[in-house]
Amino acid sequence: MAIIHRLDNNIINKIAAGEVVERPASIVKELVENSIDARATAISVEIRNGGISYIRVTDNGVGMDKDDAEAAFLRHATSKIKSMEDLKNIITLGLRGEALSSIAAVSQIELMTRQPGSMSGYNVINHGGKLIQAREIGCPEGTTIVVRNLFYNTPARLKFLNSTRSETAAISDLIAKLIMANPMVSIRYLNNDKTIYHSPGDDQLINCIISIYGKDIKNELIPVKVELDELSITGYIGKPTITRANRTHQSFFVNGRYIKDNMLTRCVEEALKDWMMVNRFPWCVLHIEIQPEKVDVNVHPSKTEIRFRDPQVIRYILTNSLKKIIEKQPYIPRVFSSTKIMTKDEFSENNSDCEKQIKDIVKGKVRLIHFLN
Ligand code: ADP
Ligand code: MG
């Protein structure tokens, strides 16, 4: 006979950590997103040994009071949503309240936090889900979190980590995306005391791109700006001179969140295929802003996936606008000449299932018709 018993919190947190904390980069993502949610304008990320032995994230955000500093490590403890209603209109990056509890379950974590204007700050230390210390301290305004010795208490998982080098590469890649997702925030990233990226936080996407790819990239980019009532697309596509051998230099952000989405990738490739050599992939950094209720971001805990309510509409607008933009560029020769811009009738014919959606937006949106015809 099976004997059913409830798991204790420590075990529950360790199991949850399996989902949230896959590798050091997942911790960096959660911590930086927390800083952004805390309205920080400057964030510094330092790592050592691929983030396995040391990750430190410091921000100048709103900080936490004594009670919150302790509650932050409890599972499902969040200040970001209270009810099902709030789920519909999420504007924060976090919402599940499981990041800090999961990270704490599998590492040695230390928090230092002080709210602006508050006389004292708080220091909380938690090892493997156990509270070690909570006390008042003097510290700068904002929040610092240090994560040491990831998976020290789950050796089996430690073994599954990749080399320091590839864990570092994953973090660097992630920070690049976070920088390009948040042009308003100055992000500094150091690996073993060496500054790798430092973005200015001046709200200029181009300066974020330069802080990652270097100054020279500026001459290789074509700006994209599409503004419709319900949707806007801004950013850059690379000229065919900077095509890549793989897709790692395609970055998509939906409402400020980095997203991996095959449909978006296919749209860009479809739009630019006449200008691309075979086996080369476009470079792009594109921000899509859309009403929050038109996307479901709560699909997966790591939240790089997204579900669009009307994917065909996005496909139509993105593909056709990029084609238009590159066609207008002087001095960029086509490699092939197979595609042309689809009219909305042709598009609807090929996609009868989405005909109604397209008609609906086209009907209501004079600017869209202008743009595409
Ligand atoms: P979530 O982000 O989903 O709410 P987390 O476990 O990541 O869950 O964080 C728990 C809570 O701790 C947050 O809701 C927030 O109130 C607080 N918090 C975490 N990081 C910070 C930070 N850098 N600055 C201020 N508050 C923070
Ligand atoms: Mg969070």
Side-chain angles (χ1 to χ4, degrees), residues 9-10 12-22 24-46 55-84 86-87 89-107 109-118 120-126 128-129 131 134 137 139-147 150 174-175 178 181-182 184-188 256-258 297-304:
N9 271 340
N10 214 348
I12 294 174
N13 284 338
K14 266 196 189 166
I15 295 172
E19 251 191 277
V20 182
V21 187
E22 208 185 311
S26 354
I27 296 184
V28 175
K29 176 175 186 285
E30 295 296 339
L31 297 183
V32 173
E33 289 191 344
N34 278 347
S35 297
I36 291 165
D37 284 345
R39 298 196 292 279
T41 55
I43 300 171
S44 145
V45 181
E46 290 173 58
I55 297 170
R56 179 176 194 260
V57 176
T58 298
D59 70 50
N60 64 350
V62 297
M64 284 175 256
D65 66 15
K66 184 173 186 289
D67 292 344
D68 282 354
E70 287 179 38
F73 291 100
L74 302 177
R75 187 160 155 74
H76 301 307
T78 180
S79 55
K80 296 168 196 175
I81 54 169
K82 282 206 176 102
S83 65
M84 282 305 284
D86 297 343
L87 264 183
N89 286 306
I90 295 161
I91 47 160
T92 54
L93 297 163
L95 60 102
R96 291 161 182 266
E98 47 186 19
L100 289 184
S101 61
S102 302
I103 298 166
V106 291
S107 71
I109 189 168
E110 175 164 13
L111 163 73
M112 280 147 284
T113 188
R114 181 159 73 92
Q115 293 180 314
S118 165
S120 59
Y122 298 94
N123 172 224
V124 179
I125 299 178
N126 188 311
L131 182 69
I137 49 159
C139 64
E141 289 177 353
T143 300
T144 295
I145 291 186
V146 184
V147 178
L150 176 61
L174 168 85
I175 300 278
L178 287 166
N182 298 285
M184 300 269 280
V185 183
S186 169
I187 299 182
R188 199 158 71 105
R257 205 186 279 264
Y258 171 66
V297 288
N298 196 16
V299 185
H300 188 267
S302 78
K303 291 169 282 174
T304 52

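What's counted below: heavy atoms across the whole structure, side chains too, no hydrogens, waters or symmetry copies. Just follow the structure's listing: the first ligand is 1, and inside any ligand the first atom is 1. Heads up: numbering here begins at 1 and tracks the sequence.
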For residues [X] and [Y], determine if any side-chain heavy atom of one lies less than 4.5 Å from a side-chain heavy atom of the other.
| X | Y | value |
| --- | --- | --- |
| L178 | I43 | no |
| S118 | D65 | no |
| L100 | I145 | yes |

Side chain, backbone, both or neither: which part of [X] has a heavy atom under 4.0 Å from ligand 1?
| X | result |
| --- | --- |
| D59 | side chain |
| T143 | side chain |
| A99 | both |

Backbone N/O of G142 and side chain of N60: donor-acceptor pair under 3.5 Å: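 No; zero donor-acceptor contacts below 3.5 Å.
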
Sidechain-backbone polar pair: N123 side chain, L111 backbone, donor-acceptor under 3.5 Å: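 Between the backbone of L111 and the side chain of N123 there is a qualifying donor-acceptor contact (under 3.5 Å).
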
Side chain to side chain contact (heavy atoms under 4.5 Å, CB included) partner of V32, chosen from V45, N182, V185: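 In the set V45, N182, V185, the residue that makes a side chain to side chain contact (heavy atoms under 4.5 Å, CB included) with V32 is V45.
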
Sub-4.0 Å heavy-atom contact, G61 with ligand 1: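 No, G61 has no heavy atom closer than 4.0 Å to ligand 1.
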
For atom 26 (N) of ligand 1, the option (of R39, M64, Q115, E98) bearing the nearest heavy atom: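 Ranked by closest heavy atom to atom 26 (N) of ligand 1, first place is M64.
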
Polar contact flag for L100 and ligand 1 (N/O pairs, less than 3.5 Å):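 Yes, there is a polar N/O contact under 3.5 Å.
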
Short N or O distance, N34 and ligand 1, threshold 3.5 Å exclusive: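 There is such a contact, yes.
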
Close-contact set for ligand 1 against G63 heavy atoms, below 4.0 Å: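 Listed by number with element: 25 (C).
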
